[in-house]
Amino acid sequence: MRTGERNYARLLKGRTVREENDWWLSGAQLYLHSAGSYQHLKGNLADYQPRGAYPYMVEGAGRVAGHLMELNPDLYDTLLIELDWLEGYSEQAGPEENEYLRVAREVQHENGAKTLTWVYLAAPHAFARQIPNLSPIESGDWLAWRKLNKDS
(Lines give C-alpha, C1' and ligand atoms only; values in the text may rest on other atoms or scores of the structure.)
Protein backbone atom coordinates (compact mmCIF):
# COMPACT_ATOMS: atom_id res chain seq x y z
CA MET A 1 0.00 0.00 0.00
CA ARG A 2 1.26 3.43 -0.83
CA THR A 3 0.51 6.84 0.62
CA GLY A 4 -2.55 8.39 -0.97
CA GLU A 5 -3.86 5.21 -2.57
CA ARG A 6 -7.41 3.91 -2.04
CA ASN A 7 -6.89 1.73 1.01
CA TYR A 8 -4.36 4.05 2.60
CA ALA A 9 -7.04 6.50 3.85
CA ARG A 10 -9.16 3.66 5.22
CA LEU A 11 -6.36 1.76 6.99
CA LEU A 12 -3.20 3.80 7.56
CA LYS A 13 -3.78 7.56 7.34
CA GLY A 14 -2.90 9.07 10.72
CA ARG A 15 -1.88 5.66 12.10
CA THR A 16 1.82 5.67 11.20
CA VAL A 17 4.80 7.36 12.82
CA ARG A 18 6.91 7.50 9.67
CA GLU A 19 6.31 7.27 5.93
CA GLU A 20 9.05 7.48 3.30
CA ASN A 21 8.98 7.03 -0.44
CA ASP A 22 11.82 6.02 -2.78
CA TRP A 23 12.21 2.49 -1.35
CA TRP A 24 12.65 -0.52 -3.65
CA LEU A 25 12.15 -4.25 -3.19
CA SER A 26 14.45 -6.37 -5.36
CA GLY A 27 13.46 -9.89 -6.37
CA ALA A 28 9.87 -8.96 -7.12
CA GLN A 29 7.71 -8.25 -10.16
CA LEU A 30 4.73 -5.91 -10.28
CA TYR A 31 1.64 -6.60 -12.34
CA LEU A 32 -1.57 -4.77 -13.13
CA HIS A 33 -4.51 -6.86 -11.94
CA SER A 34 -7.42 -5.92 -14.19
CA ALA A 35 -10.31 -7.94 -12.74
CA GLY A 36 -11.84 -7.43 -9.30
CA SER A 37 -11.52 -10.71 -7.43
CA TYR A 38 -11.41 -10.49 -3.65
CA GLN A 39 -13.17 -13.79 -3.02
CA HIS A 40 -10.79 -14.54 -0.13
CA LEU A 41 -12.26 -11.83 2.09
CA LYS A 42 -14.42 -12.90 5.00
CA GLY A 43 -16.22 -11.21 7.86
CA ASN A 44 -18.23 -8.03 7.96
CA LEU A 45 -16.66 -6.57 4.81
CA ALA A 46 -16.66 -9.76 2.73
CA ASP A 47 -18.47 -7.93 -0.07
CA TYR A 48 -15.57 -5.45 -0.47
CA GLN A 49 -14.44 -5.22 -4.06
CA PRO A 50 -11.56 -3.20 -5.47
CA ARG A 51 -12.60 -0.36 -7.75
CA GLY A 52 -10.84 -0.90 -11.04
CA ALA A 53 -7.32 -2.15 -11.53
CA TYR A 54 -4.87 -2.67 -8.69
CA PRO A 55 -1.19 -3.63 -8.28
CA TYR A 56 -0.27 -7.29 -7.80
CA MET A 57 3.23 -8.19 -6.59
CA VAL A 58 4.96 -11.56 -6.90
CA GLU A 59 8.46 -12.97 -6.44
CA GLY A 60 10.40 -12.27 -9.61
CA ALA A 61 13.51 -10.96 -11.28
CA GLY A 62 12.66 -7.26 -11.16
CA ARG A 63 12.24 -4.64 -8.49
CA VAL A 64 9.18 -2.84 -7.16
CA ALA A 65 8.87 0.73 -5.85
CA GLY A 66 7.16 1.35 -2.55
CA HIS A 67 6.70 3.48 0.52
CA LEU A 68 8.18 2.40 3.81
CA MET A 69 5.64 2.88 6.58
CA GLU A 70 6.34 2.50 10.26
CA LEU A 71 3.10 1.72 12.08
CA ASN A 72 2.20 3.43 15.33
CA PRO A 73 3.45 0.95 17.97
CA ASP A 74 0.25 1.34 20.01
CA LEU A 75 -1.79 0.24 16.97
CA TYR A 76 0.67 -2.26 15.47
CA ASP A 77 -1.17 -5.50 16.29
CA THR A 78 -4.56 -4.12 15.22
CA LEU A 79 -3.17 -2.66 11.98
CA LEU A 80 -1.33 -5.85 11.09
CA ILE A 81 -4.57 -7.82 11.48
CA GLU A 82 -6.40 -5.31 9.24
CA LEU A 83 -3.65 -5.39 6.60
CA ASP A 84 -3.52 -9.19 6.69
CA TRP A 85 -7.29 -9.28 6.17
CA LEU A 86 -7.10 -6.92 3.19
CA GLU A 87 -4.38 -9.04 1.58
CA GLY A 88 -6.08 -12.38 2.25
CA TYR A 89 -3.37 -13.59 4.60
CA SER A 90 -3.74 -15.57 7.82
CA GLU A 91 -0.92 -16.95 9.95
CA GLN A 92 -3.22 -19.83 10.91
CA ALA A 93 -3.91 -20.82 7.28
CA GLY A 94 -1.59 -22.90 5.16
CA PRO A 95 0.24 -21.24 2.25
CA GLU A 96 -2.20 -22.80 -0.22
CA GLU A 97 -5.11 -21.11 1.60
CA ASN A 98 -3.65 -17.59 1.50
CA GLU A 99 -4.07 -15.18 -1.37
CA TYR A 100 -0.89 -13.36 -0.36
CA LEU A 101 1.94 -14.22 1.98
CA ARG A 102 3.32 -11.69 4.48
CA VAL A 103 7.08 -12.14 4.38
CA ALA A 104 10.09 -10.25 5.74
CA ARG A 105 12.24 -8.81 2.98
CA GLU A 106 15.11 -6.35 2.79
CA VAL A 107 14.25 -3.13 0.97
CA GLN A 108 16.65 -0.44 -0.19
CA HIS A 109 16.22 3.32 -0.34
CA GLU A 110 17.50 5.22 -3.35
CA ASN A 111 20.21 6.67 -1.07
CA GLY A 112 21.53 3.15 -0.37
CA ALA A 113 20.04 2.65 3.12
CA LYS A 114 18.58 -0.83 3.73
CA THR A 115 16.07 -2.20 6.21
CA LEU A 116 14.05 -5.33 6.83
CA THR A 117 10.27 -4.96 6.54
CA TRP A 118 7.04 -6.87 5.96
CA VAL A 119 5.81 -7.13 2.37
CA TYR A 120 2.88 -8.98 0.85
CA LEU A 121 3.69 -11.19 -2.13
CA ALA A 122 1.12 -13.22 -4.03
CA ALA A 123 1.06 -16.86 -2.97
CA PRO A 124 2.31 -19.09 -5.83
CA HIS A 125 -1.04 -20.88 -6.28
CA ALA A 126 -2.88 -17.52 -6.33
CA PHE A 127 -0.46 -16.14 -8.91
CA ALA A 128 -1.02 -19.19 -11.13
CA ARG A 129 -4.78 -18.69 -10.88
CA GLN A 130 -4.60 -14.94 -11.58
CA ILE A 131 -2.26 -15.02 -14.60
CA PRO A 132 -5.09 -14.38 -17.11
CA ASN A 133 -5.91 -11.14 -15.26
CA LEU A 134 -2.32 -9.83 -15.07
CA SER A 135 -0.20 -7.54 -17.21
CA PRO A 136 3.40 -6.71 -16.24
CA ILE A 137 4.21 -3.19 -15.09
CA GLU A 138 7.74 -3.04 -16.42
CA SER A 139 8.79 0.01 -14.40
CA GLY A 140 7.87 -1.73 -11.15
CA ASP A 141 6.28 1.54 -10.01
CA TRP A 142 2.50 1.56 -9.54
CA LEU A 143 2.27 5.33 -9.02
CA ALA A 144 4.28 6.06 -12.18
CA TRP A 145 2.06 3.61 -14.10
CA ARG A 146 -1.10 5.31 -12.73
CA LYS A 147 0.23 8.72 -13.73
CA LEU A 148 0.71 7.50 -17.31
CA ASN A 149 -2.68 5.76 -17.30
CA LYS A 150 -4.90 8.30 -15.56
CA ASP A 151 -8.16 6.53 -16.44
CA SER A 152 -7.28 3.48 -14.30
Side-chain angles (χ1 to χ4, degrees), residues 1-33 36-46 48-51 53-131 133-134 136-146:
M1 183 176 319
R2 293 182 70 182
T3 305
E5 288 295 293
R6 286 184 278 231
N7 290 312
Y8 171 81
R10 189 167 66 83
L11 292 172
L12 295 178
K13 186 174 182 179
R15 299 170 92 184
T16 62
V17 294
R18 177 174 67 134
E19 298 180 11
E20 297 177 357
N21 56 8
D22 300 327
W23 287 85
W24 290 86
L25 171 66
S26 294
Q29 174 64 47
L30 190 64
Y31 289 88
L32 167 69
H33 191 293
S37 175
Y38 268 37
Q39 298 171 355
H40 63 277
L41 295 179
K42 309 217 179 348
N44 60 351
L45 291 176
Y48 171 79
Q49 291 293 315
R51 291 173 294 156
Y54 59 92
Y56 192 86
M57 187 168 65
V58 302
E59 300 256 20
R63 68 181 198 145
V64 176
H67 291 176
L68 182 68
M69 297 185 189
E70 183 178 344
L71 304 178
N72 179 325
D74 296 334
L75 303 172
Y76 183 85
D77 292 336
T78 299
L79 291 174
L80 203 56
I81 289 168
E82 291 176 8
L83 292 167
D84 285 350
W85 172 85
L86 178 69
E87 301 297 352
Y89 171 75
S90 170
E91 288 181 332
Q92 290 75 36
E96 67 286 344
E97 298 173 83
N98 285 309
E99 191 70 15
Y100 289 85
L101 303 175
R102 178 170 35 94
V103 296
R105 292 289 189 268
E106 184 178 75
V107 293
Q108 184 169 350
H109 192 270
E110 286 185 3
N111 69 12
K114 295 179 182 182
T115 193
L116 192 63
T117 189
W118 290 122
V119 299
Y120 291 92
L121 295 169
H125 74 280
F127 176 55
R129 184 181 71 247
Q130 295 294 350
I131 286 175
N133 302 317
L134 303 175
I137 297 177
E138 300 298 335
S139 70
D141 189 332
W142 173 248
L143 296 182
W145 182 90
R146 292 223 346 156

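What you see below is based on every heavy atom in this structure, not just the backbone, and it leaves out hydrogens, waters and symmetry mates.
When the side chain to side chain contact (heavy atoms under 4.5 Å, CB included) test is applied to L80, the partners found at least two apart in sequence or on another chain are Y76, D84, R102, W118, Y120. For E138, the side-chain hydrogen bond (donor to acceptor under 3.5 Å, both in side chains) test picks out no residue, with sequence neighbours left out. Here H125 pairs with nothing under the ring pair (Phe, Tyr, Trp, His ring centres under 6.0 Å) rule; sequence neighbours left out. Here Q92 pairs with S90 under the side chain to side chain contact (heavy atoms under 4.5 Å, CB included) rule; sequence neighbours left out. Under the rule for a salt bridge (charged side-chain N to carboxylate O under 4.0 Å, His left out), the partners of R2 that lie at least two apart in sequence or sit in another chain are D141.
With hydrogens and angles left out, the side-chain atoms of H33 and Q130 include a donor and acceptor closer than 3.5 Å.
Counting heavy atoms from C-beta on, the side chains of P136 and Q29 come closer than 4.5 Å. Side-chain contact check for L101 versus P124: some heavy-atom pair is nearer than 4.5 Å.
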Acceptor/donor pairs from residues 60-71 side chains to any protein atom, 3.5 angstrom cut, sequence neighbours excluded:
unit_1: H67; atom_1: ND1; unit_2: T3; atom_2: N; d: 3.0
unit_1: H67; atom_1: ND1; unit_2: T3; atom_2: OG1; d: 3.1
unit_1: E70; atom_1: OE1; unit_2: R18; atom_2: NE; d: 3.2

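The two residues Y100 and P55 come nearest to each other via the heavy atoms OH-O, 4.3 Å. Residues A123 and N98 approach most closely at CB-O, 3.3 Å, considering heavy atoms. The shortest heavy-atom contact between Y56 and E99 is OH-OE2, 4.4 Å.
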Could you walk me through whether K13 and E19 satisfy the salt bridge (Lys or Arg N to Asp or Glu O under 4.0 Å) test, starting with their C-alpha distance in whole Å, then the side-chain angles of each, then the deciding distance to 0.1 Å, before giving a yes or no?
CA-CA 10 Å; K13 186 174 182 179; E19 298 180 11; over 6 Å; no
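With Y31 as the partner, the side-chain contact (heavy atoms from CB on, under 4.5 Å) test is satisfied by one option alone out of N133, I137, V58: V58.
Within the 3.5 Å criterion, the main-chain N or O of R6 finds no donor-acceptor partner in the side chain of R10.
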